[in-house]
Engineer: 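Structure below; questions to follow.
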Amino acid sequence: MRKPVILITGANGEIGHGLIEHLHNPDEHSVVALDLKPIDERLQAMCQACIGGDILDDFLMGRLVSEYEIHAIYHLAALLSTRAEYTPETAHSVNVEGTLKLIKLAVEQARWHGHRVKFLFPSSIAAYGLPDVETKARAGRVKETDWNFPQTMYGCNKLYCEHLGRYYTYHYRQLAAEQTRSGVDFRAIRFPGLISAVTMPSGGTSDYAPEMIHAAAKGLPYACFVGPEARIPFMAMPDGIKALLALAAAPEEKLSQRVYNVGAFSPTAAEIRSLVCEAFPKADITFNPDRARARIIDSWPADVNDDPARRDWGWQPDYDAGRAFREYLVPTISRYYREAARG
Ligand code: NAD
Ligand code: SER
């Protein structure tokens, strides 16, 4: 007998850490965690199985089909925006071909067990591309359908995978003699930069915000790689997890689209620095912009219009910038480094 499970790819990453804790509910379903890296020991106890492997490995995909009855997939595995620029073709393989393999897995699973498979996909504000800062200032809160001209490989990958998801949900094999649906129920969120208090980011371009906070908490100096005026939307990780779970739980008939913006707060890098210095008065944060990375940030919107998410599935963030710092980031990060120092 195959066991009904939720599959999380990229499970050992920043979102995976929070998601496993929330999806861990043995009475209702089990979690199978997959990542290139070993899953943190603390999280292993919350998973039915932890699999070390590559989403590009067809043998592994076949094994998943034969061993588990997968009812939902949270496909988090990806190479993030900065890392992807160093190896664009590898990023394309992982981010696009990897996603296609997971969607194909969902199609096969739906055929086997006869239920639709929910496919949750964390897209990104990197799917947008604004040509210059003047246009960015004028654009204001961008809608999902605006400015879809990404300037990074990662952004191109995310935008294309959104289209793949829409295709598999509505138009799969549309010329086949017998019209059948793919069985995939694809839902995506275009996340802002996420800031977690319990994990450190790596390979992203929005990393300057969490890096600033973690450096200050450790008493280390930090030179920010974008200028003080750089502005993109950010979100505290608990709100990111809340958004994914809320979209997953939303009745399908309420969804007027398959890809949703979600917003929370949109500070400049200087405003983030002020909040960090308020919490850690000895923080030593300077600005030393890296022109290429700063240009990527300038191509992302200053803010997003998340009216459809609010209307269709009741999206509302719990944390604005002040609350995120006061009640989540500063206490959790401070406690973490205090305990680490004690050993
Ligand atoms: P992360 O880098 O912390 O985690 C990604 C995980 O994927 C890593 O643990 C990595 O080992 C794993 N992975 C990479 N390639 C793999 C492969 N070939 N096979 C198996 N596992 C592989 O990233 P995150 O912040 O947790 O992001 C998760 C998802 O959310 C990604 O798709 C990312 O694009 C998206 N997202 C993140 C943010 C953010 O600010 N963190 C914002 C928007 C979207
Ligand atoms: N935070 C991510 C990155 O910077 C955006 O998806 O790559």
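Just so it is clear, the values below take in all heavy atoms, side chains as well, and ignore hydrogens, waters and symmetry mates. Just follow the structure's listing: the first ligand is 1, and inside any ligand the first atom is 1.
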Engineer: Do S123 and E162 have a side chain donor and acceptor closer than 3.5 Å?
Structural biologist: yes
Engineer: Would you mind telling me if ligand 2 is within reach of the side chain of Y154, the backbone, both or neither, using heavy atoms under 4.0 Å?
Structural biologist: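 Looking at Y154 and ligand 2, just side chain atoms fall under 4.0 Å.
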Engineer: Checking the N or O distance criterion of under 3.5 Å, is ligand 2 in contact with T205?
Structural biologist: yes
Engineer: Does a donor on one side chain sit under 3.5 Å from an acceptor on the other, for H214 and Y222?
Structural biologist: no
Engineer: What do you reckon, does L76 have a nitrogen or oxygen under 3.5 Å from a nitrogen or oxygen of ligand 1?
Structural biologist: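 Between L76 and ligand 1, an N or O pair is found under 3.5 Å apart.
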Engineer: Within a distance under 4.0 Å of any heavy atom of G193, pick out the atoms of ligand 1 and give their elements.
Structural biologist: 40 (O)
Engineer: Strictly distance-based, threshold 3.5 Å: is any side-chain N or O of Y68 a donor or acceptor partner for the main-chain N or O of V65?
Structural biologist: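 No, because the side chain of Y68 does not come within donor-acceptor range (under 3.5 Å) of the backbone of V65.
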Engineer: Please determine whether any non-hydrogen atom of S196 lies less than 4.0 Å from an atom of ligand 1.
Structural biologist: no
Engineer: Does either side chain, that of H92 or that of N157, offer a donor lying less than 3.5 Å from an acceptor on the other one?
Structural biologist: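 No donor-acceptor contact under 3.5 Å links the two side chains.
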Engineer: Out of K101, R63, K104, which residue meets the salt bridge (charged side-chain N to carboxylate O under 4.0 Å, His left out) rule with D58?
Structural biologist: K101
Engineer: Enumerate the atoms of ligand 1 whose separation from the nearest heavy atom of D54 is less than 4.0 angstrom.
Structural biologist: 17 (C), 18 (N), 19 (N)
Engineer: Given P38, A77, A11, which one has a non-hydrogen atom that is nearest to atom 22 (C) of ligand 1?
Structural biologist: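 It is A77 whose heavy atom sits nearest to atom 22 (C) of ligand 1.
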Engineer: Is it true that R187 and T169 share a donor-acceptor pair across their side chains at a distance under 3.5 Å?
Structural biologist: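 No donor-acceptor contact under 3.5 Å links the two side chains.
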Engineer: For T82 and T205, does a side-chain donor sit closer than 3.5 Å to a side-chain acceptor?
Structural biologist: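 Checked: T82/T205 side chains pair up, N/O donor to acceptor below 3.5 Å.
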Engineer: Can any side-chain N or O of K136 pair as donor or acceptor with the backbone N or O of G129 at less than 3.5 Å?
Structural biologist: no
Engineer: Counting non-hydrogen protein atoms only, what is the nearest one to atom 44 (C) of ligand 1? Give residue, atom name and distance.
Structural biologist: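 Nearest protein contact, heavy atoms only, for atom 44 (C) of ligand 1 is S123 O, 3.1 Å.
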Engineer: In this structure, is the centre-to-centre distance between the rings of F186 and Y168 below 6.0 Å?
Structural biologist: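 No, ring centres 6.0 Å or more apart.
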Engineer: Identify, by atom number and element, the atoms of ligand 1 in contact range of N12, meaning under 4.0 Å from any of its heavy atoms.
Structural biologist: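 Those of ligand 1 that fall under 4.0 Å from N12 are 9 (O).
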Engineer: Looking at atom 1 (N) of ligand 2, what's its closest protein heavy atom, distance included?
Structural biologist: S206 OG, 2.7 Å
Engineer: Where the closest heavy atom to atom 32 (O) of ligand 1 is concerned, which of H75, K158, K37 has it?
Structural biologist: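 It is K158 that holds the nearest heavy atom.
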Engineer: Checking side-chain polar atoms at under 3.5 Å, does Y260 have a donor or acceptor matched by the opposite partner on D312?
Structural biologist: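 Per modelled atom types, Y260 and D312 side chains form a pair under 3.5 Å.
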Engineer: Is I125 touching ligand 1 with its side chain, its backbone, both, or neither, if touching means heavy atoms under 4.0 Å apart?
Structural biologist: neither
Engineer: Quick one: which ligand 2 atoms are inside 4.0 Å of a heavy atom on G204?
Structural biologist: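 Numbered from 1, ligand 2 contributes 3 (C), 4 (O), 7 (O).
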Engineer: Under a 4.0 Å heavy-atom limit, does W300 contact ligand 2 with its side chain, its backbone, both, or neither?
Structural biologist: side chain
Engineer: Regarding atom 14 (C) of ligand 1: of the candidates P122, A78, A127, G10, which has the closest heavy atom?
Structural biologist: A78
Engineer: Could you walk me through whether H71 and H29 pass the ring pair (Phe, Tyr, Trp, His ring centres under 6.0 Å) check?
Structural biologist: CA-CA 9 Å; H71 287 256; H29 49 245; 9.9 Å; no
Engineer: Run the contact test for Y154 against ligand 1 with a 4.0 Å cut-off on heavy atoms, strictly below, and give the result.
Structural biologist: yes
Engineer: Tell me the protein heavy atom at minimum distance from atom 25 (O) of ligand 1, and give that distance in Å.
Structural biologist: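 Nearest neighbour among protein heavy atoms for atom 25 (O) of ligand 1, to 0.1 Å: E14 CB, 3.6 Å.
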Engineer: Can you sort out which atoms of ligand 1 are near G53, meaning under 4.0 Å from one of its heavy atoms?
Structural biologist: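 The atoms of ligand 1 under 4.0 Å from a heavy atom of G53 are 19 (N), 20 (C).
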Engineer: Quick one: do the S196 and H17 side chains pair a donor with an acceptor below 3.5 Å?
Structural biologist: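 Side-chain D/A pair, S196 to H17: absent.
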Engineer: Between R190 and Y128, do the side chains contain an N or O donor and an N or O acceptor separated by less than 3.5 Å?
Structural biologist: yes
Engineer: Taking atom types as modelled and ignoring hydrogens, do the side chains of Q257 and E144 form a donor-acceptor contact shorter than 3.5 angstrom?
Structural biologist: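 Their side chains do contain a donor-acceptor pair, which is all the 3.5 Å distance test asks for.
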Engineer: Identify the closest protein heavy atom to atom 23 (O) of ligand 1: which residue and atom is it, and at what distance?
Structural biologist: L80 CD1, 3.7 Å
Engineer: Does F287 form a ring pair (Phe, Tyr, Trp, His ring centres under 6.0 Å) with Y208? I'd like the steps, not just the answer.
Structural biologist: CA-CA 10 Å; F287 291 94; Y208 61 90; 8.8 Å; no
Engineer: Does ligand 1 come near enough to I55 that some N or O of the ligand is less than 3.5 Å from an N or O of the residue?
Structural biologist: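 N/O-N/O distance below 3.5 Å exists for this pair.
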Engineer: Within a distance under 4.0 Å of any heavy atom of G13, pick out the atoms of ligand 1 and give their elements.
Structural biologist: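 Atoms satisfying the 4.0 Å criterion: 1 (P), 3 (O), 4 (O), 9 (O), 26 (O).
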Engineer: With a distance cut-off below 6.0 Å to the six-membered ring centre and an angular limit of 45° from the axis, does K158 pair with F121 as a cation-pi contact?
Structural biologist: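 Yes, a cation-pi geometry holds between K158 and F121.
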Engineer: Using modelled atom types and a 3.5 Å cut-off, is there a donor and acceptor pairing between side-chain atoms of K118 and backbone atoms of A248?
Structural biologist: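 A pair under 3.5 Å: yes.
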Engineer: Does an N or O anywhere in L56 fall below 3.5 Å from an N or O of ligand 1?
Structural biologist: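 Such a contact does not occur with ligand 1.
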Engineer: Looking only at protein heavy atoms, which one is nearest to atom 5 (C) of ligand 2, and what is the separation?
Structural biologist: S124 OG, 3.3 Å
Engineer: Is ligand 2 under 4.0 Å from a heavy atom in the side chain of A126, in the backbone, in both, or in neither?
Structural biologist: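 No part of A126 comes within reach of ligand 2.
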Engineer: Which residue and non-hydrogen atom of the protein lie closest to atom 7 (O) of ligand 2, and at what distance in Å?
Structural biologist: S81 OG, 2.6 Å
Engineer: Among all the protein's non-hydrogen atoms, which is closest to atom 40 (O) of ligand 1, and how far away is it?
Structural biologist: L194 N, 2.8 Å
Engineer: Considering heavy atoms of the protein only, find what lies nearest to atom 37 (C) of ligand 1 and give residue, atom and distance to 0.1 Å.
Structural biologist: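 Nearest protein contact, heavy atoms only, for atom 37 (C) of ligand 1 is I15 CD1, 4.1 Å.
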Engineer: Quick one: does P192 get a heavy atom under 4.0 Å from ligand 1?
Structural biologist: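 P192: in contact with ligand 1 (<4.0 Å).
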Engineer: Has D35 got any heavy atom lying under 4.0 angstrom from an atom of ligand 1?
Structural biologist: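 Distance cut 4.0 Å: D35 passes for ligand 1.
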Engineer: Would you say L36 touches ligand 1, if touching means a heavy atom closer than 4.0 Å?
Structural biologist: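 Yes.
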